[in-house]
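Only a predicted model underlies this, so the values are computations on that prediction, with no experimental measurement involved.
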Amino acid sequence: PAFHVEGPDCRAVSEIHQIIDNMPRMTMGTTELTTSAVAYQYRLETRQTLAQQMIGLVSDIPAADALSERMLEFSFGMRFGPVRDFLREKATAIAEDPYQCEHLLDLNKRASEALAQLDRPMPPFVNNFRGVRASLTHIAMSEESIPADARGYLALHVEKPEMFVGMAQMFLPDLSELAMEPGGPPIRLPETLIPQPGLVAYAAMSTDAIGLAMGEGEESGLLEFLDPETGSEGTFLSVNYDMAAYIDYTQDISARYQPDDGDYDPVTEIAGAMQTAFKEMADRSHTEMSFSAEGLVIDGRMTFK
């Protein structure tokens with residue numbers, strides 16, 4: 001953007017130049033292009049000092065399996081306590097030395113508002129949060145938008161899982177009867193804790209995670225799911241999914257909330273035909289977002305049948 005500064009206010013001009021110099025630079029390109037796969041990469045390059053700080057915010061938890069054959073693999077890892085400290089440091093720097101340029105005064109206000117929010121005490125769970133992961137082979141939603149049937153695993157990564165379980169047991173009497181311990185065998189959850197009748201679920205705990213296995217027989221792999229090898233350094237979000245299954249899921253949701261009223265809609269018909277054609281050739285999609293020494297990196301890859 002172009003700024004117009006009147007008068008010999010050198011500091012205001014310097015502030016604007018400093019912000020422009022610190023703006024990330026984006027590069028993007030295709031890294032693979034064949035008849036069976038398309039891959040791409042986006043880079044938001046920042047100053048090295050800032051990039052190193054952002055790497056330190058990421059939790060060291062496993063990334064989604066790039067070779068998975070499950071319907072969905074998802075992983076998100078971020079240390080909310082350090083994230084709050086990082087944001088507070090940036091906001092405090094502005095609050096203690098506010099901008100003088102009239103075009104940047106709104107940043108001063110936002111910094112003060114952010115500090116007021118960040119100074120509020122964080123709940124213990126949020127401060128202990130490290131990440132969440134999912135690996136599902138099947139999921140079906142009820143009309144109430146809750147899982148009617150599911151198979152797979154969920155994991156909540158925290159600093160102290162025993163403390164989290166203890167807090168949950170205080171509010172859920174039925175959960176207090178489950179004697180979970182790190183590395184112990186999965187324990188079947190009572191039906192009173194499962195929102196959908198007939199859904200079988202088991203819970204287990206590792207030294208840094210609490211896991212849930214859904215579906216009869218899935219509990220045999222729960223402990224292994226809770227303690228795999230960690231992913232690449234700096235990767236905070238990764239997802240791998242079956243594109244055809246995703247299209248089926250979204251079409252089902254759309255049909256549920258947009259019932260057919262009998263009127264012919266050529267746009268809807270064309271869109272449906274395009275989705276059907278894409279579903280027949282689509283295979284899998286994999287995306288990773290990470291912080292590196294250069295800044296934010298987004299890698300994506302789609303494969304086709």
Visitor: For the OG1 atom of Thr207 and the CD atom of Glu181, what is their distance to the nearest 0.5 Å?
Guide: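 Spacing of OG1 (Thr207) from CD (Glu181) equals 13.0 Å.
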Visitor: How far apart are the closest heavy atoms of Met71 and Thr137, and which atoms are they?
Guide: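 Smallest heavy-atom distance, with atoms named: CB-O, 3.8 Å.
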Visitor: Tell me whether Ile187 shares a hydrophobic cluster with Val200, the cluster being built from Ile, Leu, Val, Met, Phe, Trp, Tyr side chains joined at under 4.5 Å.
Guide: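 In one cluster: no.
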Visitor: For residues 237-251, pull every pair meeting salt bridge (charged side-chain N to carboxylate O under 4.0 Å, His left out), keeping only residues two or more places apart or in separate chains.
Guide: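 Salt bridge (charged side-chain N to carboxylate O under 4.0 Å, His left out) check on residues 237-251 returns Asp248-Lys279.
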Visitor: Please list all pairs passing the ring pair (Phe, Tyr, Trp, His ring centres under 6.0 Å) test where one or both residues lie in residues 286-305, with sequence neighbours left out.
Guide: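 Every pair satisfying ring pair (Phe, Tyr, Trp, His ring centres under 6.0 Å) with a residue in residues 286-305: Phe236-Phe291.
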Visitor: Taking the side chain as C-beta and beyond, is there a heavy-atom pair between Arg130 and Val158 under 4.5 Å?
Guide: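 Not touching, per the 4.5 Å side-chain cut-off.
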Visitor: Please collect all ring pair (Phe, Tyr, Trp, His ring centres under 6.0 Å) contacts where either partner lies in residues 37-84, sequence neighbours excluded, each pair once.
Guide: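 Every ring pair (Phe, Tyr, Trp, His ring centres under 6.0 Å) pair that includes a residue of residues 37-84, provided the two are not neighbours, is Tyr40-Tyr42, Phe80-Phe129.
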Visitor: Taking all heavy atoms of Ala155 and all of Phe225, pick out the closest pair and write down the distance.
Guide: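 Looks like CB-CE2, 3.6 Å.
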Visitor: Excluding sequence neighbours, so at least two apart, what forms side chain to side chain donor-acceptor pair (under 3.5 Å) with Arg70?
Guide: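 Counting only residues at least two positions away or on another chain, Arg70 forms a side chain to side chain donor-acceptor pair (under 3.5 Å) with Ser135.
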Visitor: Quick one: do Leu296 and Met54 end up in the same hydrophobic cluster if we chain Ile, Leu, Val, Met, Phe, Trp and Tyr together by side-chain heavy atoms under 4.5 Å apart?
Guide: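 In one cluster: yes.
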Visitor: How far apart are the closest heavy atoms of Leu223 and Gly184, and which atoms are they?
Guide: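 Closest heavy-atom pair between Leu223 and Gly184: CD2-O, 3.6 Å.
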Visitor: Give a yes or no on this: more than 12 heavy atoms of other residues, nucleotides or ligands lie within 6.0 Å of atom CE of Met28.
Guide: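 Yes, enclosed.
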Visitor: Say you draw a straight line from CG of Leu237 to OG1 of Thr287; how long is it, rounded to the nearest 0.5 Å?
Guide: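 The CG atom of Leu237 sits 8.0 Å away from the OG1 atom of Thr287.
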Visitor: From Leu136 CG over to Tyr241 OH, what is the distance, rounded to the nearest 0.5 angstrom?
Guide: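 Interatomic distance, Leu136 CG to Tyr241 OH, rounded to 0.5 Å: 14.5 Å.
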Visitor: Do you know the tightest heavy-atom contact between Leu222 and Ala204?
Guide: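 Nearest pair, atom of Leu222 first, then Ala204: CD2-CB, 3.5 Å.
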Visitor: Would you mind listing every ring pair (Phe, Tyr, Trp, His ring centres under 6.0 Å) that reaches into residues 184-203, with sequence neighbours excluded?
Guide: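 Residue pairs with at least one partner in residues 184-203: there are none.
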Visitor: Hydrophobic clustering (ILVMFWY, side-chain heavy atoms < 4.5 Å, transitive) - are Val38 and Met243 grouped together?
Guide: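 Shared cluster, yes.
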Visitor: Side chains of Ile247 and Thr276: closer than 4.5 Å at any heavy-atom pair?
Guide: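 When only atoms from C-beta onward are counted, Thr276 and Ile247 do not touch, as no gap falls below 4.5 Å.
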Visitor: Using a 4.5 Å cut-off on heavy atoms from C-beta on, say whether the side chain of Leu115 contacts that of Thr92.
Guide: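 The answer is yes; the side chains approach within 4.5 Å.
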Visitor: For Ala209 versus Leu226, what's the shortest heavy-atom pair and its separation?
Guide: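 In terms of heavy atoms, the two residues are closest at CB-CD2, 4.1 Å.
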Visitor: Which pairs with one or both residues in residues 154-165 pass side chain to side chain donor-acceptor pair (under 3.5 Å), sequence neighbours excluded?
Guide: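 Residue pairs passing side chain to side chain donor-acceptor pair (under 3.5 Å), neighbours aside: Arg133-His157.
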Visitor: Provide the closest heavy-atom pair for Gly295 versus Ala51 in the form atom of the first, atom of the second, distance.
Guide: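 Scanning both residues, the minimum pair turns out to be N-CB, 3.9 Å.
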Visitor: Applying salt bridge (Lys or Arg N to Asp or Glu O under 4.0 Å), can you list everything that pairs with Arg25, at least two apart in sequence or on another chain?
Guide: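 For Arg25 the salt bridge (Lys or Arg N to Asp or Glu O under 4.0 Å) partners, ignoring immediate neighbours, are Glu45.
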Visitor: Taking side chain to side chain donor-acceptor pair (under 3.5 Å) as the definition, give me every residue that meets it alongside Asp283, ordered by chain and number, with sequence neighbours left out.
Guide: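 Asp283 satisfies side chain to side chain donor-acceptor pair (under 3.5 Å) with Thr303 once adjacent residues are dropped.
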Visitor: Can you tell me how far CZ of Arg284 sits from CG of Asn240, rounded to the nearest 0.5 angstrom?
Guide: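 Going from the CG atom of Asn240 to the CZ atom of Arg284 covers 4.5 Å.
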Visitor: What pairs with Ser292 under side chain to side chain donor-acceptor pair (under 3.5 Å), at least two apart in sequence or on another chain?
Guide: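 Side chain to side chain donor-acceptor pair (under 3.5 Å) list for Ser292, sorted by chain: Glu294.
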Visitor: According to the side chain to side chain donor-acceptor pair (under 3.5 Å) rule, which pairs have a member within residues 212-224, sequence neighbours left out?
Guide: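 Non-adjacent pairs meeting side chain to side chain donor-acceptor pair (under 3.5 Å): Arg151-Glu218, Tyr153-Glu218.
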Visitor: Between Asp119 and Arg88, is there a side-chain N and carboxylate O pair less than 4.0 Å apart?
Guide: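 Yes, Asp119 and Arg88 are salt-bridged.
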Visitor: What's the spacing between Leu118 CG and Glu113 CD if we round to 0.5 Å?
Guide: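 Rounded to the nearest 0.5 Å, the CG-CD separation comes out at 11.5 Å.
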Visitor: Within this structure, what is the CG-NZ distance for the pair Leu105 and Lys109, rounded to the nearest 0.5 Å?
Guide: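 These two atoms lie 11.5 Å from each other.
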Visitor: If two hydrophobic side chains count as joined below 4.5 Å and joins carry through other members, does Met78 share a cluster with Val126?
Guide: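 Yes; Val126 is reachable from Met78 via cluster members.
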Visitor: Residues two or more places apart in sequence or in another chain: which of them pass side chain to side chain donor-acceptor pair (under 3.5 Å) with Ser206?
Guide: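 With neighbours one apart ignored, the set is Asp208.
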Visitor: Sequence neighbours left out, what passes side-chain contact (heavy atoms from CB on, under 4.5 Å) with Asp65? Give chain and number order.
Guide: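 Leu67, Ser68, Glu73.
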Visitor: Is a side-chain donor or acceptor of Ser75 paired with a backbone partner of Pro62 at a separation under 3.5 angstrom?
Guide: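 Yes; at least one donor-acceptor contact below 3.5 Å.
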Visitor: Using side chain to side chain donor-acceptor pair (under 3.5 Å) as the criterion, point out the one residue from Asp299, Thr27, Thr31 that pairs with Gln41.
Guide: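 The single option meeting the side chain to side chain donor-acceptor pair (under 3.5 Å) with Gln41 is Asp299.
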